[in-house]
Protein chains: 2
Amino acid sequence: MRHASLSIEHALLGFLRQEPKHGYAIHQELSDAGSIGSAWRLPLSQLYTLLGKLENAGYLTTTTEPQENKPPRKLFHLTDQGEIAFLTWVQEPVRHGRSLRLEFLVKLYFARLEGAGMATSLLAAQRKKCQQWLVKEQAILDREAASGREYGRLVHQFRFGQIQAMLSWLEQCEATP
Amino acid sequence: MRHASLSIEHALLGFLRQEPKHGYAIHQELSDAGSIGSAWRLPLSQLYTLLGKLENAGYLTTTTEPQENKPPRKLFHLTDQGEIAFLTWVQEPVRHGRSLRLEFLVKLYFARLEGAGMATSLLAAQRKKCQQWLVKEQAILDREAASGREYGRLVHQFRFGQIQAMLSWLEQCEATP
DNA sequence: GGCCGCATGTAATCTGTTACATGATTCT
DNA sequence: AGAATCATGTAACAGATTACATGCGGCC
């Protein structure tokens, strides 16, 4: 079992922090358009696949619960390993700007559920990352502008602007608790 | 042969507008870090795969050119169909915000090569798209804020900020010819 | 009778990335 | 002798999307 890089599927573990749930129920929470559903869309069939993976990885165990007049439910329970993996994932800022759009927003959702403290520290960690990116882009931008590379300048101006917008959004999030 | 949605691989056709080239030469142009290479990275092995696809689709034909002391070159020629496909692709604005980062920047590169007029009209078309997105996001944002959905508001504030940054970049591009 | 909700999945497909395979010449 | 450049590709693996498959109960 390879130690896969902590990716978005670890978010699913967060749904099981309070009590065990079955796949369909998780999907209903996930599909709430006003909540996490506004950031992350995951078809039911994909959800089942991911839950299977997490089980294979030892982050989940399952029990089956028969029901009358309805198909039996398969309850997923978070293991200790799973809890550790989730907490590690949720506290780690994302490494690339392109991951804010999906993965960071999902992290933030679960961090807020864990408590205001965790959300605050996640925001701060991500803001620092973002400031580093901005400095790097600024340096590249200056270099491109100095060497008269028109197109390279356009490209990095675009990236600079995107990162700048991320940064001011993060600061705004930190300012309004 | 399915009419695949016009995707990034159509950009490769743009390299053959002036004269036929072989894969390795295209890759060298593509790898120029100060130019298109700053927006699009494509490993050589993937490039060959994509060129094969474009040939199957009827956008390219090939001739083989033997060389002394070196492996023979396979020259790719743009067909009439290929030219049409390229010109259609390059003039079409992208449909989603997430495609600006890569596909739009590549379109812009080739539009500029085609002439200032094409670049200008592409920028204008994309700016209009972007303004539409912004209006939609604004509407959603207001709705989320009004119904007191804290997390939904955060998510859409993020998106709003990203689109806003795209828009001002596009305007800046239009202003500096 | 047909569609929606509940509840579970598998399979096919497409795309993207990385690794591997070959072979000559030129540079250090 | 070993690395880089020129030149072509195939194959394996990972991830995401879509389609397909099953079955019961309740509602219109």
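Put simply, the side chain of Glu103(A) reaches to within 4.5 Å of the side chain of Trp89(A), judged on heavy atoms. Leu141(B) places a side-chain heavy atom less than 4.5 Å from the side chain of Gln157(B). For the pair Lys74(B) and Glu55(B), the minimum side-chain heavy-atom distance is below 4.5 Å.
Between Leu54(B) atom CG and dG9(D) atom C1' the separation is 16 Å, expressed in whole Å. Remark: P of dT15(C) and CZ of Arg41(B) are 23 Å apart, rounded to the nearest angstrom. Distance, Ile26(B) CD1 to dA7(D) C1': 13 Å, rounded to whole Å. Between the NE2 atom of His27(B) and the C1' atom of dT5(D) there is a distance of 13 Å, given to the nearest Å. The CZ-P distance, from Arg73(B) to dT5(D), rounds to 17 Å in whole Å. Following rounding to the nearest Å, Leu12(B) (CG) and dG16(C) (P) show an atom-to-atom distance of 12 Å. In this structure, CD of Gln67(B) is placed 12 Å from C1' of dT8(D), rounded to the nearest angstrom. The distance between atom CD of Glu9(A) and atom P of dT17(D), rounded to the nearest whole Å, is 13 Å.
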Residues 20-30 of chain B side chain polar contacts: donor-acceptor under 3.5 Å, at least two apart:
from, atom 1, to, atom 2, distance (Å)
Lys21(B), NZ, Phe15(B), O, 2.7
Lys21(B), NZ, Glu29(B), OE2, 2.9
His27(B), NE2, Leu42(B), O, 3.2

May I have the list of side-chain donor-acceptor pairs in residues 158-172 of chain A shorter than 3.5 Å, sequence neighbours left out?
from, atom 1, to, atom 2, distance (Å)
Arg159(A), NH1, Ser38(B), O, 3.4
Arg159(A), NH2, Ser38(B), O, 2.9
Gln162(A), NE2, Gln162(B), O, 3.2
Ser168(A), OG, Gln164(A), O, 3.4
Ser168(A), OG, Ala165(A), O, 3.3
Trp169(A), NE1, Leu154(B), O, 3.1

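Heavy-atom distances under 4.0 Å link DNA chain D to no residue of residues 86-104 of chain A. Listed in residue order, the members of residues 44-51 of chain B having a heavy atom less than 4.0 Å from DNA chain D are Leu44(B), Ser45(B), Tyr48(B).
Listed here is the closest heavy atom pair of Thr88(A) and Ile84(A): OG1-O, 2.7 Å. The shortest non-hydrogen separation linking Val90(B) to Ala111(B) is CG2-N, 3.8 Å.
As judged by a 4.0 angstrom heavy-atom cut-off over every strand, Gln28(B) is placed among residues touching the sugar-phosphate backbone only. As judged by a 4.0 angstrom heavy-atom cut-off over every strand, Gly23(B) is placed among residues touching the sugar-phosphate backbone only.
Closest to the His22(B) side chain, of the nucleotides dC6(C), dT8(D), dT8(C), is dT8(D). Each of dA7(D), dT8(C), dA16(D) was ranked by its minimum atom distance to the side chain of Ile8(A); first place goes to dA16(D).
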### Task
Between protein and nucleotides 22-28 of chain D, map the contacts as a letter string: B base, S sugar-phosphate only, - none, heavy atoms under 4.0 Å, written 5' to 3'.
-B-S---
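Of the residues Thr61(B), Thr63(B), Thr62(B), the one that meets the side chain to side chain donor-acceptor pair (under 3.5 Å) test with His77(B) is Thr63(B).
Between the side chain of Thr79(A) and the backbone N or O of Tyr59(A) there is at least one donor-acceptor pair closer than 3.5 Å.
Atoms CG and CG, on Leu16(A) and Leu60(A) in that order, are 6.0 Å from each other to the nearest 0.5 Å. Note that CD of Gln126(A) and NZ of Lys107(A) are 8.0 Å apart. Values are rounded to the nearest 0.5 Å.
Partners of Arg17(B) by side chain to side chain donor-acceptor pair (under 3.5 Å), not counting sequence neighbours, listed by chain and number: Glu83(B), Glu114(B).
Each of Pro72(A) and Leu42(B) was matched to the nucleotide of DNA chain C holding its nearest heavy atom; the match closer to the 5' end belongs to Pro72(A).
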